[in-house]
Each structure stands twice: as structure tokens, then as C-alpha cells.
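Scroll down for the structure; my scribbles are underneath it.
Below, chains carry the letters A, B, ... as their sequence lines are ordered, and counting in each starts from 1.
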Amino acid sequence: MARKRARVGRAASAAEAGQEIAIQTHRLTKAYGELIAVDNLNLTIRAGEIFGLLGPNGAGKTTTILMLLGLSEPTSGRAEVVGFDPTREPLEVKRRVGYLPDDVGFYGGLSGRQNLRYTAALNGLDRSASDVRIGDLLEQVGLDKAADRPVEEYSRGMRQRLGLADALVKDPSIVILDEPTASIDPAGVTDVLAIIEALARDRGVTVLLSSHLLHQVHQICDRVAIFNRGRILAQGKMADLAESLAGDQLELEVGIDGPVETVEAALRAVPGVVKVTRDPHDAHLWRVSGPQSIRNHIATDLAARGMGIRQLRRVGDELDEIYLRYFQRDEGDRDHAA
Amino acid sequence: MTTQPDAVAVTRPIPTRPPRWGWRVVAAKEFSDGILSVRLFILILVLGLPAVLAIYSTAAFVGNNAQTLNGVPGLFVAMFAHQDPNSQIPSFVEMIALLGPLLGIAFGFDAVNGERSDRTLPRLIAQPIHRDAVIIGKFASGLALMGLVLGAVTLLASGIAFWSLGVTVGPDEVARLLAWFVVALAYLGFWLAFAMLCSVVVRRAATSALAAIALWIVFTLFAALLVGIVANFLSPVPANATTDQQVANAELTAELQRISPGTLYAEASQYLLDPTVQSVDVGQLVAQQSNNRAIPSVLPLDQSLLLAWPQVVALIALSVGCFGLAYVAFMRQEVRA
């Protein structure tokens, strides 16, 4: 609960800060031959927010990130990161942006601390000052005890946390995290998410994270963009996205005891109902779709007929369902266009 | 840009400017990795044992023929360049020519693809350094490590030469040995650059090592054979060949052999380590002998350097060219495969 409140406070202060823009892209495009990995991407990320770039593997998330860091040149369009064009001034961008690559690697023979020292040296940081900082960062990510063991002995979760510390060594104003929770165990995911959230909350760092695992990251994101085949399908707060997708149509899962024929007839008789189907696995579970009004009608009509409703659930509230339906709609659009 | 609210437990680092010489940071890290590696230890053994054997064999020969060889100019450095004529053991210089490539290959074959397979490359180039700092730094550290191994082996060989003969060494001879050291390092540098080129182009470290070793074997084992065939085709030597025809064939063979960095290194070494060598060119040697103009004389170092200059320049050009290819290939590569 305390965590929730702190988040609200941060969001408010970020809003008051005058919508300072941390990352902006304008018709950013990357093509590999025929394949268009990123297609006219327009993205605005405000300072201090946690922004989630969500989409399946191969959606173009990593390509976008590489262009934002100046590690890959856009085919057309432009980006601006902390006020610099990453293509023209990559060093200025890389000086201010911490990056945790997808599937991060370290020099196995060196200890966690030595790996971070190398990063500090590459950033031109003063040795004695950065040593103190590295010690503190290792403690923050819970690696202070393992700091002097070689990284090849670390678990995946430990590497991921070391990667977070590594991205922070330069004291960045933005951190870009590519799939920060992929392929680590659930306990590790919770740890990593807590660290990321603390970053934004306590230090005002802007976080851009990419993930294909919506359910893992949505709770810490202020805003998300749902991304597929190089294009943004939807962008905004999670709740707003769910709302806009559902529109006027509603699909309900209704559990009713009683003879199948009678129940089906009763459901079809409800005003506004468009479609009724029976669950293939459970004879007493039905799916009913129609406008918003059917929810109340089903409840009252069936009660009037003396049928007890065991269960009434709106389908599509689940995050992963929202996510999937965006992609299905995307497929549909494509097919339609073709 | 950064707003740093609240009391933050973490101290901010001193905001120094990022290094203008990012390659130095990379080189320093690579060097300290290499200096403690098993790889370095193995290479010192692999190069050191045959080199010591070579110098020991030559020293024994010199010792047995002390009276005839007494007063030979530059005997100390000549021991590096010549072998016991009655023995199968090659000279020190030849040992380096044979085994030196291994050094370059060992320090270069996984330079870039190693970072890829460790998945450290994206993290490395996301730091505020220019991208070429990675490959320049790795080349510099490889060169330094090879210099260390070669230096150690040369010093060891010199020690054995001193100890077994008790010869005195003048400043001229020390200078000759130093000049040879630079040439030998350029030769090893070619192999380092070639191995690094393989490590950029070939994704798997094992395959890259294999490619580099293949070229090494082609140059050491088959080059002479191939060159002979090509030379005989272009400049045939019939059964009743004149001297001119034979010389033309031999000269062409020598020219073709100079495509190999090993030949360039060997010829430059002959000039530098033996002050009596005035030419390694077949035509000139024949001309001198037939005219009885081969005046045995001792050249000063600057004259020897002048003679070796074309080979030295060609060798350095080959190394730089090879590194240039690796550099361009690396700079043009996408971060992701």
C-alpha cells in the first residue's frame, strides 16, 4: 500500500515538472533490406516516468533501443535522447544513458566488482569516487556478498541484477532496459522490478523498458506502448488501453446450472445478445456477447426465470487477453488490407 | 537534466570527462587479462623452448669452432641468425618465423567474436567510447603482450649466448638486436591483425582460429612449393639452361616468396643480424661471385638498415593493411547478428 502511494506521488511530481521530454522519436524507421523492423515510430517519453515497450519477440523493440543509443543507424526519421541526436552525437547520449542489453553478458573470469570498474573506467570516472559508488550499487542490488566472486559463478538472476548496477554506474538520467525480466525465476523478477521501481521513484531516473511479458511489467509502468511488427498498436496508461479496446462490445462468461436447451434459449432471449456459445469443456459455462447493457439484462432475466447464476465474468479483463486481442486485431487489419 | 531528489545514499561519481582515449582503457583491461592468463604461460613455453634449443645448438657449434670463428664481426648477433650447418635445428630467427604466427593467432582469434559469444559487446559499445576504441585497444594490448613474450624469449636466448661463450657485446650489436626485435614484432603484428580479421568476420572462435591456422600452415609448408611451380611456369629452366635463365628463375622465385610476410621478416633479419650480409638478392650474389667482387666487409648498422628497409616497409604495410581490413569490417558490422 505504501508502495502504491509513493508511486502516485512520483507521478504527480513528474507531471508538475512541466512535461520535460526525455526521449522523442519522429517517424523513426529501420529497414533491413525488405524487412521493415521499425516502421515510422513516433514515441514521446517524459522525464521521470517508467515507460514500457511491450510486444512479442521480433516486434522491433531491440532495434528501436539500439537506434536510441546510436548503436544502429535509422534508415529514416530521427530520434532525440536527452536533447541529443543519437546518430550525430552518440557519445553525448551514451554518457547519459544506462543500458541493460537483452541477455546481458559479463567477463566471466572477472568479479562483479571488476566488471563494474571496467564500465566506470570506460566512462572516464575517477577511480576512487567510482569505487564507492560501485560498492553502494552492488549493495542496492543485493550483490555485496558476491561482489568479489567471478561472474561465471553467478546465477542468471544475479547477472541480471549486476546488469542493473552496471547500467547505473555512470549515474544516468535515463536507463534503457531490454527484457529485464526475461528468463529469470519469479523471485528474481520481483527483485528486479522492485529495483527498477526504486530507481525511478528515489532518483528520478527515466526508465524505458521493453518486454514481451506484459503481466510481469505492467504494474510498474506508468505508460505502455503495445508494439508489433515495428508499429505501435496502442499507447497510454494500462487502464485506458483496456477501456478503448473493449469499446461498446462486451463478452461475458456466464456459469448457469440447468438443462442446456433451456439455458441457451433463455440466453438468446435476452435483448441485445448477439452470440451465444457453449464452453467445450464445461457444459454449464457459456459465452455471451453483445453491447454493455446485456450484463444487467442477463442477471435480471435469468433470475426472473428462476435460474441461478453461478458465475458472471467479463472476458478480456485479463491483461494477457487485452494484449492478445491487440495482436489479433493487428493480424485482422493486415489480412483485411491484403 | 538529471533531477536528484531526496537524500540519496549513493554518492555521485566525480563527473570527469569520458576518456578521449577510450582505446587505452580497453587496452589496459585486455592487457591485465592477458598477463595473468594461462594462454600467455603456454605461449612462453611453446616459443621459449624451441628458441632456447636453437640458440643453444648454435652456441655449441660456435664453441666447438672457437678458433676459426674467433674475431668474426658481430658474432653475438650472428648467432641468432645462423644455425649449426651440421644440424637439423633451425636458427633462432627461423624458429620465430615458424612459431611466431602462433603468438599472433593466440592473441587475436577470439578478440571480437569472443565478446560476441560472451554477449559483452553490446554493453561495451554502449559506453561513451568510439567504436574503434574496441579494436584499436585490443590490437594494442595484443602487440604489447606479444612484445612481452618475444622480449622474454630473446633475453633468455641472449643470456644463454653470453653464458656459453662469454663474448663481449658492443652497443652496435645491442642496437642490431633491438632493430630486429621491432621487425619481428611487425611480423607477429601481421598475424595478430590477420587473426583479428578472422575474429571479426567469423562468428565462432574455433572456426576463426582454424582459418588463421590454415593460412599459417599454407605459408610455412606449401608456399615454397607453390612459388616454385609458378616460377617454373613463368620462367622455365630447360635442361640446357643458361646461367641467365637460372638466375631469372631464382630471382622470380625470390620475388614471389616476398608475398609471404615470413620471407620479408627472414630477409630483413639476415641484413640486421649479420653485418657481413650485403645482399640476399640472388642476381647480385651471382654477379658478385662471377666478378670476384665479393669483398668481405662489415657494414655499419645504418647501412644494414638501409638494405633491410624495403622488406621492413613491406612487412609493416602488410600488417597495417591487414589491420585496416579488420577495422573496416568491424566498423561496418551491425551490433546484432
Exercise. Parallel, tilted or perpendicular: which describes the rings of B:Phe194 and B:Phe190, with under 30° parallel and over 60° perpendicular?
Worked result: parallel

For this session: Specify which of B:Ala133, B:Ala126, B:Ser117 makes the most heavy-atom pairs with chain A at under 4.5 Å.
Result: B:Ala126

Exercise. For chain A, which residues of residues 316-324 of chain B have at least one non-hydrogen atom nearer than 4.5 Å to it?
Worked result: none

For this session: Name the member of A:Leu168, A:Ile174, A:Asp166, A:Leu66 that forms the most heavy-atom pairs with chain B at distances under 4.5 Å.
Result: A:Asp166

For this session: Take A:Asp171 and A:Arg95 through the test salt bridge (charged side-chain N to carboxylate O under 4.0 Å, His left out) and record every step on the way to the result.
Result: CA-CA 9 Å; A:Asp171 193 23; A:Arg95 207 175 285 182; over 6 Å; no

Problem set entry | Test item: side-chain donor near acceptor, A:Tyr107 and B:Asp118, under 3.5 Å | no

Exercise. With a 3.5 Å cut-off and no angle check, do the side chains of A:Ser210 and A:Asp178 form a donor-acceptor pair?
Worked result: yes

For this session: Return the set of residues passing side-chain contact (heavy atoms from CB on, under 4.5 Å) with A:Glu80 (not counting sequence neighbours), or none when no residue passes.
Result: none

Problem set entry | Part of A:Ile134 lying under 4.5 Å from any heavy atom of chain B | neither

Exercise. Please walk me through it: do B:Phe92 and B:Trp180 pass ring-ring contact (aromatic ring centres under 6.0 Å, His included)?
Worked result: CA-CA 12 Å; B:Phe92 179 85; B:Trp180 170 81; 5.7 Å; yes

For this session: Sort A:Ser128 into side chain, backbone, both or neither according to what part of it lies under 4.5 angstrom from a heavy atom of chain B.
Result: neither

Exercise. Does A:Val175 reach the side chain of A:Tyr99, with side-chain heavy atoms less than 4.5 Å apart?
Worked result: no

For this session: Please test B:Glu115 against B:Lys138 for salt bridge (charged side-chain N to carboxylate O under 4.0 Å, His left out), starting from the C-alpha separation and ending with a verdict.
Result: CA-CA 11 Å; B:Glu115 297 268 356; B:Lys138 279 172 178 274; 3.1 Å; yes

